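Here's the structure, in structure tokens; my notes come after.
Atoms considered below: every heavy atom in the structure, side chains included; atoms not considered: hydrogens, waters and symmetry mates. Proteins come first, then strands; the chains are lettered A, B, ... in the order of their sequence lines, and each starts at number 1. Since this is a predicted model, take the numbers as computed values, not measurements.
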Amino acid sequence: MSDNILSLSCKQLCDKILAKEITSVEAVEAVFNNIEKFEPKVGAYVSFDKDRALGEAAKIDKRIANGENPGPLAGVPVAVKDNMTTDFGTTSCASKILAEFKAPYTSTAVSKLIDAGAVIIGKLNMDEFAMGSSTENSGVKQTYNPWNLDCVPGGSSGGSAAAVAAQMCFASLGSDTGGSIRQPASFCGVVGLKPTYGRVSRWGLVAYGSSLDQIGPLSKDVTDAALMLNVIAGDDKRDSTCVDESIAPVNDYLCDLDTPIDGLKIAIVPEFIESASDEVAAAINNSIEVYKKQGAEIVEISMPHFEYAIATYYIVATAEASSNLARFDGVRYGHRSDDIKSYIDVYSKSREEGFGQEVKRRIMLGTYALSSGYYDAYYLKALKVRNLIRKDFTQAFEKADCIIMPVSPTTAFKVGEKTQDPLQMYMADIYTIAANLSGVPAVSIPCGFDGENMPIGLQILGPSFQEDKLLRVARMYEANSGIEYKKPAILD
Amino acid sequence: MANVKYKTLVGLEIHVQLKTKTKMFCSCPTGFGGEPNTRVCPVCLGMPGVLPVMNKKAYEFSVLAGLALNCSISRFTKWDRKSYYYPDLPKNYQISQYDLPMSEHGYIEIPIDGGETKKIRILRAHLEEDAGKNSHTAGNYSQVDLNRAGTPLLEIVTEPDLSNGSEVRSLAQQLQRIVRYLGVSEADMQKGHMRFEPNINIVGEIDGKEFKTAIAEIKNLNSFRALERSVDYETKRQLEEYLETRKGMGQVPKTTRGWDADREITVHQRSKEAANDYRYFPDPDLVPVVLDDAWFEQIKSNMVELPLAKERKFVSEYGLSDYDAGVLTSERTMAEYFEDAIKAGGDAKRVCNFLTQTGLKLANEAGKSFVEFGVEAEKLAKLSKMVSDGDINASAATSLISKMVENNEDPMVLAEKFNLLQKSDTGELEAIVDQVFADNPQAVDDARPGSKKEKKSKGFLMGQVMQKTKGQANPKIVSSILAKKLSE
Amino acid sequence: MKKKLDHDEVREVALLARLELCDKEVEEFATQLSSILGYIEKLDELDTDDVEPLAHSLPINNVFREDIPHECLSRDKALGNAPDADDEFFMVPKILDDNSNG
């Protein structure tokens, strides 16, 4: 019974709960069974609260028994990255500096999940403050890839991807500043969507790079991604950068999913595919064939400024981060050093002790880039190049409906393999960063496995606020590729 | 003694709290006082994951103030973060405006001696959020109250066009009147609604050799008096220090000095060896403000006649003294009340006297403004006409104002009720004059035209008539009866 | 802009960022940040003289809130996460050089 429940998608589960075939309490019990079994190996969660989850599930069941429809995620157990505030439990961003932080407010995206009937079962591990590509920068614990426990799950939303892959929740929320949803989704063989910047409210999302951060779903399939987006998208008066629905209407992302794509133009940038590992390149080339078979037209384009994305990103994101993370100072909340003689120590010692190495490195880089005398050379220059990168996208979408490329040059790497050289780790973000710099939506979907049976992801990028088209292109791959849904071996 | 010529250069950095109901970027109520840390929310506490949303009113208020300060208003403005660590600054950055302030290049006119005015140039005025407050009275700790954090502030920076304490005070008072007239700030210095930081140095010549002293910025000024005195004190201090050390700008650093109100001196706080590195950059959580024509016009429609213009009008059109015009225009409600009374036919000088003398006294006693008594301006106008028409005399008018304040009745009704109307009945008064003449034959003789004691005796007779009528005789009529009868 | 960060520069930046780095970190960061900045020099290949900076990918402006007060946080909740607070205030070691702009 439990196994059957766990392999369901959110949509299937919700339908069964509404039809009273399964109760939400049963679904929560099933999820916690898996958490008991696999969490010690995978380490996806920072915190969870079974009693609370069961209580919430029982309330949903009662509402259904009373003839109510709690919403499109009625009774579905989901989990969220630990950088989204909840007015229950703690919100730590996997950082020592916030270890005990109890937010008196819930992030909009999580509130919307709850309003749609979802049961929040816990908070997921991540690279500290979302800075990293492997979840090795978590200040709490290491998360391992359910497909191979020697490998990283990707990052920074590593817990969000691993928990979905290991069936320790039905879907999750992650956040994506430079690929932090898509890359772990790709490493863990799940679907990960970064919506257009401004599509989902950032209220309650602890900021890393404010002009780049966006919340999105990680799920078992494309339909669930669309369902989750339906729930979390839309304007929010508390976020000035969340786009008003009168300017960019929120569509029903489910209704167009299965519309055939013949005649659609899909762009590729040949050198991007060539620069990936052989196995990744082969999988992407194979997916091109899948689209061709459906009548899509493949057009070759160039994106001349793409190669500058990493350099641009590591200025823009770190500059914003150096300012966003200034508030973690040991005065109003968070860790305060015991070794304090003056109020200056409250800052410099608490921050020194509370932040991990990668966070400090990025704060240093961002502070330097904004400091007097360097602003023009680094920050202003990066903003100008950012504009050039956006223009590449504008031109690309004049020629094609979407662009496909790899998510990552390789599949998941071994834990510890890249930690010695931060720059090498940054380089792995080559394919994902440009979407954040230009704001466009992008999705990662499973498109095969390498020789080690590790998942490979296909990235699809679309024009701003056209997630419906993006998800349809993703769904049409999923429906027609012939790739079977596989579970990680540990689940057997 | 060396031959010293010098002048003082003072520029002001001014922070004016805007009188919005809520803070700049969150919906917490603003306002002085309140129990510590009770007017706060996750946004103004700088908690993780929160976002600012702009208060539209704060922007409109600042545009209006910018216009009143003759600034050019930018049609495009954006928000920047200014980074520095301080316990009263919750995010450790302040949301402010750096390279695109919402207004710049204006001026404010201040009255100086001899009825002249002087234009003080304004470099820029921009909108930003206030910090909280640290207090240092609790043993080894400083206490942080964040109630004030996030209150909208207009920061105004003037050019160093002021040359002494009196001008600085004058500017401060003008600015206070302006922002109060506009209704954009309560501008109470004691409550910190309006904070001035003068930057002072002197330039001059000693025995034909030029010199400049290092700039000192003065803080902790919470009254006009402190502002004026501190500037004059600091000028003197800098000059003396220079004459002693001969070290000026470039040789000694810029400093910050605090005003010690008890000793009336400025005290060294710290040197600014290097400029702070505030690492300004555009705030990614906020979007720019674009001011289109329609909105600009709508804001402009809230502009009022400004105090200095009103003050001049009161002198030139109504013949008031500079002093009286200044008193009447100190508050917009008072000035408008005065104008309403004039429109209702009141005599300008009489109404002015009512307001600046009896009215002001009553208001001070009651601890409110005269306007708040609720006596309609029309009634005060009528009272002034009653004096002009001889219905009552000046002292009756004074007591009638008190009675009007008490029960807000019509002045004529009150005058009748309290028997304050002057006797203007010629027949009745003639009979009283005859009686007085009969009782004082010697004085009548002395008062005849051409007599040596004419003036004095006439006055005596007038006094006798007044005594008999208990002061209610109309002196003009009595005077003409006396003249007529004495020349018979 | 061939840029190598030396130890003193790293310490200056750390002071601005309020990080009391240990000597080992100063050394590591000098090397790592120099290498990262070296990579970022790649941006100099591009002529951006006529390019507008893009701080935000969104083409929106004028997002406002009406001036209507909302309920505040209770003081218990406001102070609830504080490492040190009395019943009313957040507490820090005494500030001896108060330079607040208030």
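Chosen from A:Leu212, A:Leu205, A:Val331, the residue pairing most often with chain B at heavy-atom distances under 4.5 Å is A:Leu205. Ranked by heavy-atom pairs under 4.5 Å with chain A, the first of B:Val287, B:Val144, B:Val50 is B:Val50. Per-residue heavy-atom pair counts under 4.5 Å with chain B were compared for A:Val206, A:Asp213, A:Leu383, A:Thr85, and the maximum is reached by A:Val206.
Around the CD atom of A:Glu100, the shell of radius 6.0 Å holds no more than 12 heavy atoms that belong to other residues, nucleotides or ligands. B:Lys57 NZ: 12 or fewer foreign heavy atoms inside a 6.0 Å radius. Crowding of B:Asp99 atom CG: a count of heavy atoms from other residues, nucleotides or ligands under 6.0 Å exceeding 12. Annotation for B:Tyr98: atom OH does not count as buried by contact number, only 12 or fewer foreign heavy atoms lying within 6.0 Å. By the 6.0 Å contact criterion, CG on B:Asp292 is enclosed, its count of non-hydrogen atoms from other residues, nucleotides or ligands being greater than 12. Surrounding NZ of B:Lys21 are at most 12 heavy atoms belonging to other residues, nucleotides or ligands under 6.0 Å away.
Of all heavy-atom pairs spanning A:Phe101 and B:Pro48, the tightest one is CZ-CD, 3.5 Å. The heavy-atom pair separating A:Ser323 from B:Arg81 by the smallest distance is OG-NH1, 2.7 Å. Closest non-hydrogen pair, A:Arg327 versus B:Pro90, comes out as CB-O, 4.0 Å. When all heavy atoms of A:Arg351 and B:Tyr85 are compared, the pair lying nearest together is NH2-OH, 2.9 Å.
Looking at B:Tyr141, there are no atoms closer than 4.5 Å to chain A (heavy atoms on both sides), in backbone or side chain. Interface remark: A:Asn324 contributes backbone and side-chain atoms alike to the contact with chain B (heavy atom separation under 4.5 Å). B:Tyr93 touches chain A through its side chain: at least one heavy atom from C-beta onward sits under 4.5 Å away, while N, CA, C and O do not. With a 4.5 Å cut-off on non-hydrogen atoms, A:Ser107 does not touch chain B at all. If you measure heavy-atom distances from A:Tyr197 to chain B, the contacts under 4.5 Å come from the side chain alone. Residue A:Thr91 does not touch chain B at all, counting heavy-atom pairs closer than 4.5 Å. For chain B, the nearby part of A:Ala319 is the backbone; its heavy atoms alone come within less than 4.5 Å. No part of A:Leu380 comes within reach of chain B, as not one of its non-hydrogen atoms sits under 4.5 angstrom from that chain.
B:Asn37 and A:Arg332 share no donor-acceptor pair across their side chains, judged by distance under 3.5 Å alone. At a cut-off of 3.5 Å, with distance as the only test, no side-chain donor of A:Tyr375 or B:Arg279 sits close to an acceptor on the other residue.
Taking OG of A:Ser210 as the start and CG of B:Asp283 as the end, the distance is 7.0 Å to the nearest 0.5 Å. To the nearest 0.5 angstrom, B:Asn92 atom CG is 11.0 Å from A:Leu325 atom CG. Separation of atoms OG (A:Ser240) and CH2 (B:Trp79) is listed at 11.0 Å; rounding is to 0.5 Å. Atoms OH and CD1, on B:Tyr86 and A:Ile344 in that order, are 8.0 Å from each other to the nearest 0.5 Å. Between the CZ atom in A:Arg202 and the CG atom in B:Leu51 there is a gap of 5.0 Å [rounded to 0.5 Å]. From B:Tyr278, atom OH reaches atom OG of A:Ser371 across 15.5 Å, with rounding to the nearest 0.5 Å.
A:Val316 places none of its side-chain heavy atoms less than 4.5 Å from the side chain of B:Phe281.
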